[in-house]
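In this text, all values refer to a predicted model and were calculated from it rather than measured experimentally. Within every chain, numbering begins at 1; the chains are lettered A, B, ... in the order of the sequence lines, protein sequences first and strands thereafter.
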2 protein chains.
Amino acid sequence: MDGTPNIAKIGALLGDNTRARMLSTLMHGKALTASELAREAGVTAQTATSHLAKMEAGGLLALRKQGRHKYFALANDDVAALLETLMGLSAGVEPIRITTGPRDSAMRNARVCYNHLAGNKGIQLHDALITKRYLKHNDAELVLTRKGSHFMQEFGIDLDSLQASRTPMCRSCLDWSERRSHLAGSLGRALMAKFEQLRWVKRDGNSRVIKFSAKGEREFNSTFGL
Amino acid sequence: MDGTPNIAKIGALLGDNTRARMLSTLMHGKALTASELAREAGVTAQTATSHLAKMEAGGLLALRKQGRHKYFALANDDVAALLETLMGLSAGVEPIRITTGPRDSAMRNARVCYNHLAGNKGIQLHDALITKRYLKHNDAELVLTRKGSHFMQEFGIDLDSLQASRTPMCRSCLDWSERRSHLAGSLGRALMAKFEQLRWVKRDGNSRVIKFSAKGEREFNSTFGL
DNA sequence: TCCATACTTCGACGATAACCGAAGCATACA
DNA sequence: TGTATGCTTCGGTTATCGTCGAAGTATGGA
C-alpha cells in the first residue's frame, strides 16, 4: 500500500531527458517506430531500444509489433494526463515565460493532447458542450446527456463503438496552458478525428500545433454556438 | 514552451527513493524538520540536506526557517495532487494488490491527502456537499453556493480568512484509491482541521490513516446527511 | 562564555545508468 | 537465396549522483 517505491520508479522513468523527449513526442498521439523515436530524441537505435524497453516495462508505453517495426504509443490516457500535469507544474515553477513567440501562441490556441483537442479551442469546445447541455457534470464525472447523444449521432460520431472501448467516454483533462479542463476520453478522441476528417483542422507534422482552416473555424464556431 | 527539459527535471527529483519517501511523508500535511525527514527516510543529515535543497530549488518543497530548525512542507496543492496522481498510476500499473490488510483498508477508508480528507470518507463528503447543493460544478471549477456559504459559517468555518489565502478555496483532487474526486483547496483543509478540533477524527501518528471516533462518525454522518 | 543541537560544506567512494561501437538476430523484398 | 532494413544484445567507457565521514557554521540555552 505504501506507494513510495513505485512513485520513485515512475519518477526515474520520467527523469531522463531522452525519455522525456520521447514521451513528449508521443503526446502527438501517433504511434511511432523505435527508429523514429531514436531520431527524434537524438540518440542511436541501441540507446533508444533500452529506453523504450524500460518505459514499456514501467507501463508508460504500449507496444504494437508490425512486421519488422515496433510502434510505440503512450500506454493510456492516464499517462497522457500525467504528462500534461507535469508540464503544467513545471511551467508554474519555472520563471514565467513572458515572451510568447508565434509558435507558442499557436500551441496555446490549439494543440493535440495525446489524441484530443487541447488549448484555448479545446476549452471552448468543452465549455460549449456544457452550455448546450450536451455534457453535464455528474459528481466528479462528465457524462453525455440524451440531448448530447443525439447531437453526436447527427454529427457522425459512432457512439456504440465508443461505448465498447475500454477507456471512459468522457474524461476531463487539465489543460496546462489554460489551467482549465478540456474534453478527453474516447469521445474527445472521436471528435478530434472527426474534425480532421472534415478538414476543419490540420496537424502540423513537427509539433503538437493544430491549425484551423478558415472554413473549419467558421463551421466549428457555428456548430458549437461560439 | 517545449516543456521537455522541465518534466525531466521534476521527474528526476521524484525518481530517487529517498526523496520519494520524504515526499510521501510530507503528504501527511505537517511540516517537518530536516532531521525528522532524514530519520524518516533513513539517511544521515548531510544526505537529507542535499535532497531537501534540491527539492526546494525544484519548487516541490516550501521552506520555513524557525530558529535553528528548518521546516519543510510540500510547496502547494499542485505538488500534492501530482503525488496522488503518481500513486494512482503506479497502483494501476503494478500487479493489483489483492491482499488488503487492515492497514490498507483503513487507508482506503480515510486518510489525509496533504492536509484534507481523502479516501472513501473524503468522497462521501465531497458527494454529500454536492447533493445538498452546498457545492456545485461551474464548468470545471467547484464553487461554494450561497447555501453552502451559510452552512460553512454555521459549522464554524471562517470563510473570510479562507478567501484571503492564495490557494483556491475549492479544488477537486483525484483520489488514488477510489479514482473519484474529493475536496481539496483551502476549504478542504479547513474542514479537516474542524473535524480534528471537534475530535471527530484523530490522525494516526505514523501513517496517513485517519480514525473516526464512534461519536465522530455518527455526527459526521448526520451533519452531511449520510 | 561554553556546550549542545541543527544544519551545511567538502571530499572521497561506489553504484548506477546513459551512451555508443560492433556484432547479431529477424523480417521484408527482390 | 541474398541483401537491405529495423531492432537487439554485449562490452566497455564515461558521467552523474547518492552516500557518508569529518569538519565547519549558526542558533538556543545554561
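- Taking the six-membered ring where tryptophan is involved, the planes of A:Phe195 and A:Trp200 are essentially parallel, since the angle between them stays under 30° and well short of 60°.
- Listed nucleotides: D:dC20, D:dC7, D:dG18. Nearest to the side chain of B:Val43: D:dC20.
- The side chain of A:Lys70 contributes an N or O atom lying less than 4.0 Å from OP1 or OP2 of D:dT8.
- Side-chain nitrogen and oxygen atoms of A:Arg68 include none within less than 4.0 Å of the OP1 or OP2 phosphate oxygen of C:dC29.
- When distances run from any side-chain atom of A:Gln46 to the nucleotides D:dT19, D:dT9, D:dA22, the shortest one goes to D:dT9.
- The side chain of B:Thr47 contributes an N or O atom lying less than 4.0 Å from OP1 or OP2 of D:dC20.
- Proximity of B:Thr44 to the phosphate of D:dT19: no side-chain N or O atom is located under 4.0 Å from OP1 or OP2.
- Listed nucleotides: C:dC7, C:dC20, D:dT8. Nearest to the side chain of A:Ala45: D:dT8.
- Phosphate contact (OP1/OP2 of C:dC19, side-chain N/O of A:Thr18, threshold under 4.0 Å): present.
- Taking side-chain N and O atoms only, A:Lys54 has a distance below 4.0 Å to OP1 or OP2 of C:dA18.
- Across all strands shown, A:Ser50 has no heavy atoms under 4.0 Å from either base or sugar-phosphate atoms.
- Ranked by how close their nearest DNA chain C nucleotide is to the 5' end, A:Gln66 and B:Ala34 are led by B:Ala34.
- Considering only the side chain of A:Thr49, D:dT9 comes nearest among D:dT9, C:dT8, C:dC20.
- Of the charged side-chain nitrogens involved, none lies within less than 4.0 Å of a carboxylate oxygen, so that B:Lys65 and B:Glu56 do not count as a salt-bridged pair.
- The line from CE of B:Met55 to CZ of B:Phe72 is 8.0 Å long, rounded to the nearest 0.5 Å.
- The phosphate of C:dA17 (OP1 or OP2) has no side-chain N or O of A:His51 nearer than 4.0 angstrom.
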